[in-house]
Amino acid sequence: MASKILIISPREDGSGRISLTHKAEGASGISRISCDVSPADLLQLVLFCEGCDLRRIYGEPQMAEVELDGLTVTYAPSGDEIHLLRQIGYSEKAARIACKTFLTEMAGVVEAVLDQAETSKHGITLKTLLKHADLPAAYAAQFTVDETAAVLHRLHEMALLILNDRAMEKGSRFAKLLRAKKSRPEAEACAAELVASLADSLLTRAS
């Protein structure tokens with residue numbers, strides 16, 4: 001039996017489940033960490049993974065953490081690991097897994113969450129807006145043409161998820177901007193600003 005078996009399963013309603021079977025440090029038996037993840041938390045986990053991966057490849061890896069309901073997921077750049085901490089009442093279970101393994105298992109989840117956003121009520125409109133959101137020149141100068149395209153694609157995916165979530169909020173001002181053609185330029189500016197902000201957060205390297 002493998003020492004660690006990770007399964008992250010998305011559901012049709014946007015929620016998911018994380019299950020990690022592993023041999024706990026100092027223990028002879030097999031331990032298991034499992035947690036149901038709400039749609040909102042799964043979205044945050046996807047954004048967390050996309051952000052960590054962008055920093056690892058194109059920026060500067062740094063510690064990052066996302067708090068889900070009963071589960072803390074932390075990226076530790078020193079060992080390029082993902083740390084999981086599951087808390088139920090006063091009980092805690094912890095485990096570590098290679099970041100590459102975690103991201104590989106998350107790939108299908110990312111695809112599922114993106115597909116839901118792209119086919120949502122505002123999906124087509126948001127994708128159209130993001131076509132005009134370029135990578136800021138200061139960052140584009142750091143990369144080759146192919147790297148720039150890859151980075152921009154990832155940033156657009158993250159922005160799509162964030163903007164779609166923003167548009168789905170009840171009484172959302174951004175949703176109103178999307179509905180009115182005369183306010184489309186303002187919505188487009190919001191999309192471009194978000195992409196630039198994500199680039200600043202994920203691509204900046206220490207001088």
Side-chain angles (χ1 to χ4, degrees), residues 3-11 14-27 31-114 116-117 139 151 154-166 168-169 194-207:
S3 59
K4 295 178 183 178
I5 301 176
L6 174 68
I7 300 174
I8 307 176
S9 308
R11 299 181 178 128
S15 65
R17 183 172 180 78
I18 296 175
S19 176
L20 174 63
T21 302
H22 66 108
K23 185 175 180 180
E25 293 183 12
S31 183
R32 185 182 180 197
I33 291 178
S34 60
C35 182
D36 287 317
V37 184
S38 69
D41 278 352
L42 193 62
L43 171 61
Q44 293 307 310
L45 183 59
V46 166
L47 291 171
F48 167 83
C49 290
E50 289 287 273
C52 285
D53 203 29
L54 266 177
R55 282 198 184 106
R56 291 170 71 242
I57 300 172
Y58 300 107
E60 185 170 312
Q62 56 184 275
M63 185 174 178
E65 185 174 281
V66 62
E67 291 273 356
L68 311 179
D69 185 15
L71 181 69
T72 302
V73 183
T74 305
Y75 171 62
S78 58
D80 199 27
E81 293 178 325
I82 294 293
H83 294 184
L84 301 176
L85 178 63
R86 177 73 166 117
Q87 184 165 357
I88 304 177
Y90 294 104
S91 175
E92 289 186 350
K93 290 184 178 181
R96 298 178 297 175
I97 191 166
C99 186
K100 182 179 179 180
T101 301
F102 192 84
L103 293 177
T104 297
E105 183 63 27
M106 276 294 297
V109 179
V110 172
E111 185 177 341
V113 172
L114 278 169
Q116 288 180 337
Y139 298 106
V151 169
R154 296 286 289 274
L155 291 176
H156 280 182
E157 287 183 337
M158 295 181 71
L160 172 66
L161 294 175
I162 294 169
L163 292 174
N164 185 63
D165 187 57
R166 192 179 295 175
M168 296 299 286
E169 293 176 359
L194 176 58
V195 169
S197 176
L198 288 170
D200 285 339
S201 173
L202 302 172
L203 303 176
T204 299
R205 297 171 177 170
S207 55

Residues 38-50 vs salt bridge (charged side-chain N to carboxylate O under 4.0 Å, His left out), sequence neighbours excluded, gives Glu50-Arg154
Once side-chain hydrogen bond (donor to acceptor under 3.5 Å, both in side chains) is applied, do any residues pair with [X], and if so which ones, sequence neighbours excluded?
{"X": "Glu67", "result": "Thr72"}
{"X": "Glu65", "result": "Thr74"}
{"X": "Asp200", "result": "Tyr139"}
{"X": "Glu157", "result": "His153"}

For the backbone of Glu92 and the side chain of Arg86, can you confirm whether one donor and one acceptor N or O come within less than 3.5 Å of each other? no
Under 3.5 Å, is there a donor-acceptor pair between the side chain of Lys93 and the main chain of Arg32?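 Side chain of Lys93 to backbone of Arg32, a donor-acceptor pair under 3.5 Å: yes, one is there.
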Could you list the residues that satisfy side-chain contact (heavy atoms from CB on, under 4.5 Å) with [X], not counting sequence neighbours?
{"X": "Ala117", "value": "Leu160, Leu161, Asn164"}
{"X": "Pro39", "value": "Ser15"}
{"X": "Ala95", "value": "Leu20, His22, Ile33"}
{"X": "Ile57", "value": "Asp53"}

How far does [atom1] of [X] sit from [atom2] of [Y], to the nearest 0.5 angstrom?
{"X": "Glu60", "Y": "Gln62", "atom1": "CD", "atom2": "CD", "result": "7.0 Å"}
{"X": "Ser78", "Y": "Met63", "atom1": "OG", "atom2": "CE", "result": "8.5 Å"}
{"X": "Leu84", "Y": "Ser34", "atom1": "CG", "atom2": "OG", "result": "11.5 Å"}
{"X": "Leu198", "Y": "Leu203", "atom1": "CG", "atom2": "CG", "result": "9.0 Å"}

Can you see which heavy atom on [X] is nearest to which on [Y], and at what distance?
{"X": "Val195", "Y": "Ala159", "answer": "CG2-CB, 4.0 Å"}
{"X": "Gly14", "Y": "Leu42", "answer": "O-CD2, 3.3 Å"}
{"X": "Asp69", "Y": "Cys35", "answer": "O-SG, 3.7 Å"}

Checking Arg17 now: which residues fulfil salt bridge (Lys or Arg N to Asp or Glu O under 4.0 Å) with it, not counting sequence neighbours? Asp36
Return the set of residues passing salt bridge (Lys or Arg N to Asp or Glu O under 4.0 Å) with Glu81 (not counting sequence neighbours), or none when no residue passes.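 With neighbours one apart ignored, the set is Arg96.
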Compile the donor-acceptor pairs under 3.5 Å between side chains in residues 99-109 and protein atoms, sequence neighbours left out, one pair per line.
| unit_1 | atom_1 | unit_2 | atom_2 | d |
| --- | --- | --- | --- | --- |
| Thr104 | OG1 | Lys100 | O | 2.8 |
| Glu105 | OE2 | Ile8 | N | 3.1 |

Kindly indicate whether the side chain of [X], heavy atoms from C-beta on, has any atom under 4.5 Å from the side chain of [Y].
{"X": "Leu71", "Y": "Leu85", "result": "no"}
{"X": "Tyr75", "Y": "Cys49", "result": "no"}
{"X": "Leu163", "Y": "Asp165", "result": "no"}

Verdict with reasoning, Ile18 to Val37, per side chain to side chain contact (heavy atoms under 4.5 Å, CB included): CA-CA 7 Å; Ile18 296 175; Val37 184; 4.0 Å; yes
Above 12 or not: heavy atoms from other molecules or residues under 6.0 Å from CG of Asp80? yes
Step by step, would you call Leu54 with Met158 a side chain to side chain contact (heavy atoms under 4.5 Å, CB included)? CA-CA 11 Å; Leu54 266 177; Met158 295 181 71; 4.0 Å; yes
Could you please spell out the steps behind the side chain to side chain contact (heavy atoms under 4.5 Å, CB included) verdict for Leu68 and Val66? CA-CA 6 Å; Leu68 311 179; Val66 62; 3.9 Å; yes
